[in-house]
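Some notes on the structure that comes next.
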Amino acid sequence: MDGIMALTDRLHDSSFLQQDRSLYKFIWVRQGCLDIEIDHVTLHLKKNELISLSPLHHVDMLHTEGECLSVLFNSNFYCIYGHDDEVSCNGFLFHGSSNVMRLTLSSDETQRLEHIADTFREECTLRDNLQEEMLRLLLKRLIIVCTRMAHGRLATVQERENGFDTIRQFYALVDKHFKEKKQVQDYAGMLFRSPKTISNLFALYGLETPLRVIHERVDAEARRLLLYTQKSAKEISEILGFEDLSTFSRFFKRMNGKSISEFRHAATPPDHTKSV
């Protein structure tokens with residue numbers, strides 16, 4: 001697969017980008033508003049709100065009013081895993097949970113992103129053998145700026161940076177192992193921490209509990225499989241590593257307030273040709 005990076009304010013009109021399931025996405029409402037459906041849940045975004053999405057998210061652009069700027073890229077253009085020591089966004093800006101990062105930008109932050117967007121546009125007009133690397137550097141800058149802004153929302157300071165990095169690693173490990181590992185102690189062991197230490201770190205940053213993070217990642221995958229595949233509940237139960245269908249059914253009812261059959265009956269899956 002070739003490396004792809006795109007800057008567009010017409011994402012809803014691009015069939016090529018809509019059909020590509022490999023893309024990470026930044027979507028920024030510069031003017032007006034946007035109604036967007038992520039994993040079958042609708043968000044209403046207003047001016048100067050920005051979200052970051054992983055390739056796992058099923059997205060429909062329901063209604064765009066004004067201007068929405070999107071930056072999209074795949075791992076072949078810039079691998080967030082291979083460059084995690086540079087941008088520190090894996091497990092933070094991008095993860096598999098349906099609870100996506102949503103930022104409301106200040107005037108200073110808006111100006112900073114405007115400058116990056118203008119530089120992106122200028123670089124896209126040039127055609128030489130240095131363009132790709134320059135675009136990669138600009139993308140890296142965008143990721144770092146957004147990561148810093150998100151850090152600021154959690155009052156991250158240098159003295160607590162190591163603890164926050166542990167939280168990022170926790171999210172990344174959950175993304176990788178949630179099908180077979182569903183207890184906090186499983187991940188605490190991989191991080192060489194005690195479960196209590198992990199729980200205290202999440203509490204320190206005002207985040208939901210680590211067990212809830214695990215459950216939400218499992219639930220997000222369950223909902224995607226129910227919405228966007230024809231797999232049976234029993235097949236999904238096996239895919240997600242549950243002991244049996246009844247255990248999965250109880251988990252799903254507890255997380256969503258309705259049974260698996262009720263959820264599938266109530267949901268009207270979006271047209272896949274519009275998913276991005």
Side-chain angles (χ1 to χ4, degrees), residues 21-22 37-43 51-60 81 90-102 166-270 272 275:
R21 302 293 182 266
S22 69
E37 192 173 75
I38 302 169
D39 291 343
H40 212 62
V41 175
T42 301
L43 291 182
I51 57 174
S52 54
L53 303 169
S54 81
L56 293 171
H57 294 106
H58 289 256
V59 179
D60 277 301
Y81 300 100
N90 182 31
F92 186 41
L93 292 183
F94 302 110
H95 55 77
S97 170
S98 294
N99 294 327
V100 301
M101 181 66 69
R102 179 175 181 174
T166 299
I167 291 174
R168 279 201 319 109
Q169 292 177 50
F170 183 91
Y171 272 95
L173 288 171
V174 169
D175 259 354
K176 186 175 181 179
H177 298 290
F178 69 93
K179 293 179 182 178
E180 65 271 12
K181 299 183 185 299
K182 296 180 172 59
Q183 301 299 322
V184 176
Q185 55 262 36
D186 296 328
Y187 299 96
M190 287 187 279
L191 292 168
F192 304 102
R193 302 285 193 277
S194 71
K196 184 177 180 180
T197 297
I198 297 296
S199 295
N200 288 342
L201 279 174
F202 274 76
L204 179 66
Y205 288 98
L207 300 170
E208 56 196 0
T209 68
L211 183 60
R212 181 70 184 180
V213 170
I214 298 169
H215 286 174
E216 287 184 348
R217 182 62 184 91
V218 176
D219 183 57
E221 197 71 13
R223 290 164 59 93
R224 288 173 189 139
L225 290 169
L226 288 166
L227 287 168
Y228 305 107
T229 76
Q230 298 301 314
K231 296 183 184 298
S232 69
K234 187 175 186 301
E235 289 176 304
I236 294 172
S237 171
E238 293 171 353
I239 290 170
L240 296 179
F242 285 90
E243 296 176 0
D244 49 46
L245 178 56
S246 61
T247 303
F248 172 49
S249 297
R250 289 193 298 271
F251 169 83
F252 190 87
K253 180 70 176 289
R254 187 172 69 251
M255 293 295 293
N256 296 281
K258 58 183 67 176
S259 69
I260 293 169
S261 58
E262 289 170 339
F263 177 80
R264 255 187 168 162
H265 179 73
T268 304
H272 285 212
S275 293

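What's counted below: heavy atoms across the whole structure, side chains too, no hydrogens, waters or symmetry copies. Count residues from 1 along the sequence.
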Practice problem: Using a strict 4.0 Å threshold on nitrogen-to-oxygen distance, state whether Arg223 and Asp39 make a salt bridge. | Solution: no
Self-check item: Point-to-point distance, once rounded to the nearest 0.5 Å, from OG of Ser249 to NZ of Lys234
Solution: 11.5 Å
Practice problem: Check Lys181 against Tyr187 and note the closest heavy-atom contact, atom names and distance. | Solution: O-OH, 2.6 Å
Quiz item: With a cut-off of under 6.0 Å to the ring centre and 45° to the axis, is Arg217 in cation-pi contact with Phe178?
Solution: yes
Quiz item: Could you give the distance from CD1 (Ile236) to NZ (Lys231), rounded to the nearest 0.5 Å?
Solution: 8.0 Å
Quiz prompt | Donor on one side chain, acceptor on other, Glu262 and His265, under 3.5 Å | solution = no
Quiz prompt | Thr166 vs Arg193, side-chain contact (heavy atoms from CB on, under 4.5 Å): CA-CA, chis, key distance, verdict | solution = CA-CA 9 Å; Thr166 299; Arg193 302 285 193 277; 3.6 Å; yes
Exercise. Search all heavy atoms of Leu43 against all heavy atoms of Arg102 and return the closest pair with its distance.
Key: CD2-NH1, 3.8 Å
Exercise. Measure the CD1-OG1 distance between Ile198 and Thr209 for me, rounded to the nearest 0.5 Å.
Key: 12.5 Å
Practice problem: Verify side-chain contact (heavy atoms from CB on, under 4.5 Å) between Phe242 and Val218, making sure each step is shown before the conclusion. | Solution: CA-CA 10 Å; Phe242 285 90; Val218 176; 3.8 Å; yes
Exercise. Look up atom OH in Tyr171 and atom CZ in Phe202, then write down how far apart they are to the nearest 0.5 Å.
Key: 5.0 Å
Practice problem: Would you name the heavy atoms of Lys179 and Ile239 that are closest together and state the gap between them? | Solution: CD-O, 3.5 Å
Exercise. Decide if atom CD of Glu180 counts as having more than 12 heavy atoms of other residues, nucleotides or ligands within a radius under 6.0 Å.
Key: yes
Exercise. Enter the distance from Gln169:CD to Leu191:CG here, rounded to the nearest 0.5 Å.
Key: 5.5 Å
Quiz item: Any sub-3.5 Å donor-acceptor pair from Arg254's side-chain atoms to Phe252's backbone N or O?
Solution: no
Quiz item: Are the side chain of Asp186 and the backbone N or O of Gln183 linked by a donor-acceptor pair below 3.5 Å?
Solution: yes
Exercise. Determine yes or no for a side-chain-to-main-chain donor-acceptor pair under 3.5 angstrom, with Glu235 supplying the side chain and Ser232 the backbone.
Key: yes
Exercise. Report yes if the side chains of Glu37 and His58 come closer than 4.5 Å at any heavy-atom pair, otherwise no.
Key: no
Quiz item: Would you call Leu227 and Phe263 a side-chain contact if the rule is heavy atoms closer than 4.5 Å?
Solution: yes
Quiz item: Do Pro55 and Ser22 come close enough that some side-chain heavy atom pair is under 4.5 Å?
Solution: no
Exercise. Start with the C-alpha gap between His57 and Arg224, add the side-chain angles, then the distance that decides, and say whether side-chain contact (heavy atoms from CB on, under 4.5 Å) holds.
Key: CA-CA 9 Å; His57 294 106; Arg224 288 173 189 139; 3.3 Å; yes
Quiz item: Which pair of heavy atoms, one from Ile260 and one from Phe248, lies closest together, and at what distance?
Solution: CD1-CE2, 3.4 Å
Exercise. Indicate yes or no for a side-chain donor-acceptor contact from His95 to the backbone of Ser97 under 3.5 Å, with no hydrogens or angles considered.
Key: yes
Practice problem: For residues His215 and Phe251, establish whether the separation of their ring centroids is below 6.0 Å. | Solution: yes
Practice problem: Check the pair Phe170 / Asp175 against side-chain contact (heavy atoms from CB on, under 4.5 Å), numbers first and verdict last. | Solution: CA-CA 9 Å; Phe170 183 91; Asp175 259 354; over 6 Å; no
Practice problem: Looking only at non-hydrogen atoms, find the nearest pair between Ser98 and Ala220 and report the distance. | Solution: OG-CB, 3.5 Å
Quiz prompt | Shortest non-hydrogen contact from Val213 toward Val174 | solution = O-CG1, 4.4 Å
Quiz prompt | Arg264 side chain vs Leu226 backbone, donor-acceptor pair below 3.5 Å | solution = yes
Quiz item: Side chain of Thr247, backbone of Glu243: donor and acceptor closer than 3.5 Å?
Solution: no
Quiz item: When rounded to the nearest 0.5 angstrom, what is the spacing between CE in Met101 and CZ in Phe92?
Solution: 4.0 Å
Self-check item: Between Ser194 and Thr197, a side-chain donor and acceptor under 3.5 Å
Solution: yes
Quiz prompt | Any side-chain heavy-atom pair of Arg212 and Met255 under 4.5 Å | solution = yes
Practice problem: State whether the side chain of Ser237 and the backbone N or O of Ala233 hold a donor-acceptor pair below 3.5 Å, judged by distance alone. | Solution: no
